[in-house]
Each structure stands twice: as C-alpha cells, then as structure tokens.
Amino acid sequence: INKNRNKKIINIFRLQLIISIFDFVGKYANVTYSIIITKTFIYFKKIELNTMYTINFITTCILCLLILHSPIYRHHYFSLAVNLLFLIGFTIYDQIAIFQKDNWNVLFYYNIMKILCEIFYAFEDVLSKIILSFYSISPYNFILYRGLFVVFFSILFSIPFIFVDIPDENGDNSIVFTRFWKIYDNKLDFLYVFGLGISNFIYNVNIFF
C-alpha cells in the first residue's frame with residue numbers, strides 16, 4: 001500500500017511539474033517576445049490571430065487521441081473537418097493582413113509565437129484531465145500547486161532580466177523591475193489587481209471543474 005501511495009505521489013508531482021512548465025512557457029513566451037521587441041525599438045499594433053481557437057481545438061483533439069486514447073466518433077470527424085476548413089480560411093486571411101504591414105516579419109514571428117502558446121495550453125489541458133480524473137486531485141489543490149510551481153519558475157526566469165535595460169515611455173533605458181512601483185501610482189490599480197486575481201481564480205476553477 002505504501003509503495004502504491006508513494007508511486008501515486010511521484011506521478012502526481014511529475015504531472016504537476018510538466019503541466020506547470022507548459023503553463024509557464026505559454027504565459028511567458030509572450031512576455032519575453034514583447035521585451036525583446038521593445039528592446040529593439042520595434043513598435044507595432046499586434047494582430048490577434050483569428051485561428052487561435054481553431055488551432056487550440058484541433059491540437060486538443062489530436063492530443064486526446066494520442067495521450068488519452070479517447071474514442072473518435074463520426075461527429076468528431078465532422079467537427080474536425082469544419083474546423084480545418086475554417087483554419088485554412090482564417091490562416092489565409094491572417095497572412096494577407098500580416099504581409100500588408102510594414103513590420104510584417106515581426107508580426108509573422110509574433111503570430112508563430114502565439115500559435116505555439118495555444119499548443120502549449122492544449123498540452124496543459126489534456127494532461128490536467130489525467131491528473132484531475134485519474135488521480136482524483138481537487139481543482140483547488142491543482143491550481144495551488146500549479147501556481148507555486150509557476151511562481152518558482154517565474155523567479156528563476158526573471159533573474160536574467162535584471163541585466164536587461166529596456167526603454168520606458170519617455171525613451172529612457174532602465175531595468176524593468178524598477179518601474180513596477182509606477183503601476184500603483186493610481187491607488188485604484190490595487191483594487192484592479194485584486195479583482196483580476198479573484199476573477200482569474202474563478203475562471204481557472206470553472207475550467208478544471
């Protein structure tokens with residue numbers, strides 16, 4: 001019994017770690033890209049991909065088949081066919097919009113990064129189903145452990161940026177961490193951050209339920 005219990009704990013820890021890595025990479029790929037673009041003084045209006053949800057849906061279906069061995073029925077094939085059709089159409093539309101911009105190469109790589117983030121989130125969702133369904137972990141505990149892992153990764157990830165200067169709104173170079181206090185010049189931002197944290201928590205709990 002103890003061996004089975006220890007094996008279960010190890011498997012849960014391993015899955016929780018992998019899920020947290022996917023969640024962390026998905027969140028901070030966008031942050032890193034934005035800092036690099038700002039560092040090179042390239043400013044542009046970001047184009048939101050119309051293909052985002054379609055890519056996430058198709059990736060999730062494929063991962064469910066490969067990892068969860070979920071059965072595929074006729075309505076699944078029909079749904080995939082419809083999504084693939086829209087994916088092709090949206091991709092053509094997005095690329096035309098991108099290549100009409102002056103900084104099309106920057107936008108192109110930005111959109112590739114966003115697609116990879118959607119794939120990372122799809123991996124996170126599928127693996128989360130394993131740990132929630134087969135190991136009977138509470139969604140509250142799952143979010144707590146994932147949050148602790150992501151905070152740890154964030155601290156490690158932030159260390160190199162101590163040595164990176166990026167321009168502020170006035171064009172002066174400085175370390176990004178020295179500007180955090182400016183966020184709270186307006187005291188209402190405290191309430192905004194608190195409210196955002198509560199809403200994100202409720203949103204995540206409902207997803208995993």
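Quick caveat, the model's predicted, so the values are computed rather than measured.
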For residues 117-129, please give each side-chain donor-acceptor pair under 3.5 Å, one per line with the distance, not counting sequence neighbours.
unit_1, atom_1, unit_2, atom_2, d
E118, OE1, N56, ND2, 3.2
Y121, OH, G26, O, 3.4
Y121, OH, K27, N, 3.3
E124, OE2, R146, NH1, 2.5
S128, OG, E124, O, 2.5

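Side-chain contact check for S79 versus Y77: every heavy-atom pair is 4.5 Å or farther apart. Here the side chains of Y28 and F153 are not in contact, with every heavy-atom distance at 4.5 Å or above.
Linking ILVMFWY side-chain heavy atoms closer than 4.5 Å, directly or via other members, places I137 and V205 in a single hydrophobic cluster. When the side chains of ILVMFWY residues are joined at heavy-atom separations under 4.5 Å, either directly or via intervening members, L80 and L65 end up in two distinct hydrophobic clusters. Put simply, I207 and V150 are part of the same group of oily side chains (I, L, V, M, F, W, Y) that touch within less than 4.5 Å, one to the next. L148 and Y140 are assigned to two separate hydrophobic clusters, defined by single-linkage of ILVMFWY side chains at heavy-atom distances under 4.5 Å.
Taken from OG in S138 to CG in L144, the straight-line distance is 9.5 Å, to the nearest 0.5 Å. Atom CZ of F157 sits about 13.5 Å away from atom CD1 of I155, to the nearest 0.5 Å. Note: L132 CG to L15 CG = 10.0 Å, rounded to the nearest 0.5 Å.
For S158 (side chain) and S154 (main-chain N/O), a donor-acceptor pair under 3.5 Å exists by modelled atom type. Put simply, the side chain of N11 gets close to the backbone of K7: a donor and an acceptor are under 3.5 Å apart. Between the side chain of D23 and the backbone N or O of I19 there is no donor-acceptor pair closer than 3.5 Å.
Taking a 6.0 Å sphere around CZ of F86, one finds it holds 12 or fewer heavy atoms contributed by other residues, nucleotides or ligands. The neighbour count for F78 CZ, taken as heavy atoms of other residues, nucleotides or ligands under 6.0 Å away, does not exceed 12.
Shortest non-hydrogen contact noted between N83 and F57 is ND2-CE2, 3.2 Å. Residues I131 and I12 approach most closely at CD1-O, 3.6 Å, considering heavy atoms.
Checked against F13 for a ring-ring contact (aromatic ring centres under 6.0 Å, His included), the options Y145, F149, Y135 give a single hit: F149.
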Under the criterion side-chain contact (heavy atoms from CB on, under 4.5 Å), I'd like the reasoning laid out for I67 against I130: C-alpha separation, chi angles, the key distance, then a yes or no.
CA-CA 9 Å; I67 297 177; I130 296 177; 3.8 Å; yes
